[in-house]
Amino acid sequence: MSQDFLKDLALLSDWMEHYRENIKNYPVMSQAQPNDLLKKLPLSPPLESQPFEKTFAEFQEKILPGITHWQHPKFFAYFPSNSSPPSVLAEMLIATLGVQGMSWITSPAATELEIRMMEWLREAFGLSSDFSGLIQDSASASTMTAMIVARERATDFTVNEQGMSGQNLVAYCSVEAHSSIEKAAKMIGLGRKNLRLVPVNENLEMRTDLLEEYIEADIAQGLKPFFVVGAFGTTSTTAVDNLDQIAVLAQKYRLWFHVDAAYAGSALILPEMRGLAQSIDAADSIVVNPHKWLMTTFDCSAFFIKDKNSLIRSFSILPEYLKTSGDTEEVVNFRDWGPGLGRRFRSLKLYFVLQSYGIAGLQKILRRHIHLSQKLESWIAADKRFEICAKRNFNLVCFRLKSTDQANADLLHKLNSSGRMFLSHTKIKGQYVIRLVVGQTDVQELDIREAWDEILSAAF
Ligand SMILES: *Cc1c(COP(=O)(O)O)cnc(C)c1O
């Protein structure tokens with residue numbers, strides 16, 4: 001490596017360490033106004049080479065103010081997108097190697113590490129060894145993949161050949177299910193109208209009695225139910241659908257059963273949480289995002305599927321220029337397992353994270369998050385001016401001031417623009433509700449105490 005590269009690397013690593021140490025001094029939510037950065041950037045690219053110091057100085061001066069600090073311990077919005085030191089180091093190696101792991105032959109270790117990491121995760125989550133796995137960029141891609149394999153299996157692989165016309169397929173999820181399912185329905189040519197949104201009960205879980213009614217009504221109409229999604233942790237409130245009952249209906253009506261555990265699936269590393277996921281092994285496919293709550297930098301979405309032969313039959317295409325001497329039964333070519341051809345070497349991140357923390361280390365972090373969210377929930381519940389608005393299954397607390405929607409929206413805005421914390425909101429039964437997720441890798445009890453004090457002083 002050249003002297004320049006070493007010097008630049010040192011500059012960067014000093015900055016990275018300083019950032020990690022001082023992250024609490026940054027406003028959590030970027031205070032940038034629209035077009036702030038666009039106004040500062042030249043309209044055209046430089047013709048001549050620029051020194052790294054200059055580019056890096058401009059990164060700090062112009063770009064950093066437009067960054068929201070997802071790794072700030074008081075990032076409580078949406079769901080976390082956790083980073084961690086081993087994951088950062090792995091990302092640097094991944095970029096250094098610059099591997100494109102589409103086929104086994106393009107880097108045997110990239111494929112084989114991915115196979116073994118998915119087996120490690122499968123065991124860590126307590127899932128059946130009937131599942132095979134691969135890493136995708138997002139839960140959205142994983143769910144779409146599941147829907148395509150289900151479509152092909154339900155139509156004896158004719159849609160891939162002849163298109164969707166005349167198939168009359170219908171799919172099901174709850175009204176609380178993630179928008180990625182609707183997006184997949186659109187992308188695969190199913191059509192949004194052929195995705196039934198089943199109503200939910202008091203706890204925002206799918207009404208499986210109504211699921212069965214919907215299925216029966218569709219069959220009576222001559223339609224062909226083929227796919228159902230159960231949520232293990234919805235995005236709005238982390239509600240958990242009754243996977244037991246969905247599994248029974250999926251079997252009765254021969255539907256593909258997909259479990260969307262994108263966020264909360266990481267909690268399956270805790271044996272005490274697995275009671276919530278009974279029958280998850282009855283699923284045909286499951287998606288869990290380690291890039292949310294398992295200290296693995298975005299992107300890393302774990303997709304588990306039982307019928308890998310149908311998966312490969314749905315996706316494999318082999319033009320002459322991709323044929324390799326490695327195309328034997330002996331090796332896996334992940335290019336045939338999903339929508340993309342090129343593949344990042346994401347398994348290295350999982351390897352570094354799992355080696356560095358061990359399962360016990362990760363369990364400790366998730367238990368801390370859940371414990372802290374319990375504490376916060378108890379403080380909020382004890383204050384008569386607030387109410388808890390949804391059952392807390394994991395580390396998300398949904399609450400509101402006992403006041404108008406406007407008062408709650410104002411409170412959220414005030415807290416977010418203070419830069420002291422970042423919260424998001426949802427609607428539950430038509431009411432504006434504040435969401436607070438205690439899930440950043442390093443969040444400690446002090447952060448939660450400070451946050452509660454700040455919420456109180458902003459509110460009253
Ligand atoms: C975050 C989330 C998704 C989407 O995840 P991406 O990886 O961003 O596509 C899907 N389902 C649930 C339940 C989620 O929480």
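All ligand and atom numbering here is 1-based and tracks the order in the structure.
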> Which of parallel (below 30°), tilted (30 to 60°) and perpendicular (above 60°) describes Phe304 and Phe131?
Replying inline: perpendicular
> What residues sit with at least one heavy atom under 4.0 Å from ligand 1?
Replying inline: Phe79, Ser138, Ala139, Ser140, His178, Ser180, Gly233, Thr235, Asp260, Ala262, Tyr263, Asn289, His291, Lys292
>> Check this for me: Gln374, atom CD, are more than 12 non-hydrogen atoms of other residues, nucleotides or ligands nearer than 6.0 Å?
In response: yes
> Can you say whether the rings of Phe59 and Trp15 are parallel (under 30°), tilted (30 to 60°) or perpendicular (over 60°)?
Replying inline: perpendicular
>> Checking Phe394 against His369 for the ring pair (Phe, Tyr, Trp, His ring centres under 6.0 Å) test, could you report, in this order, the C-alpha distance in whole Å, the side-chain angles of both residues, the deciding distance, and whether it holds?
In response: CA-CA 9 Å; Phe394 305 96; His369 291 162; over 10 Å; no
>> Which label fits Phe422 and Tyr78: parallel for a plane angle under 30°, tilted from 30 to 60°, or perpendicular past 60°?
In response: perpendicular
>> Please check if the number of heavy atoms outside Glu123 that lie under 6.0 Å from its CD is greater than 12.
In response: no
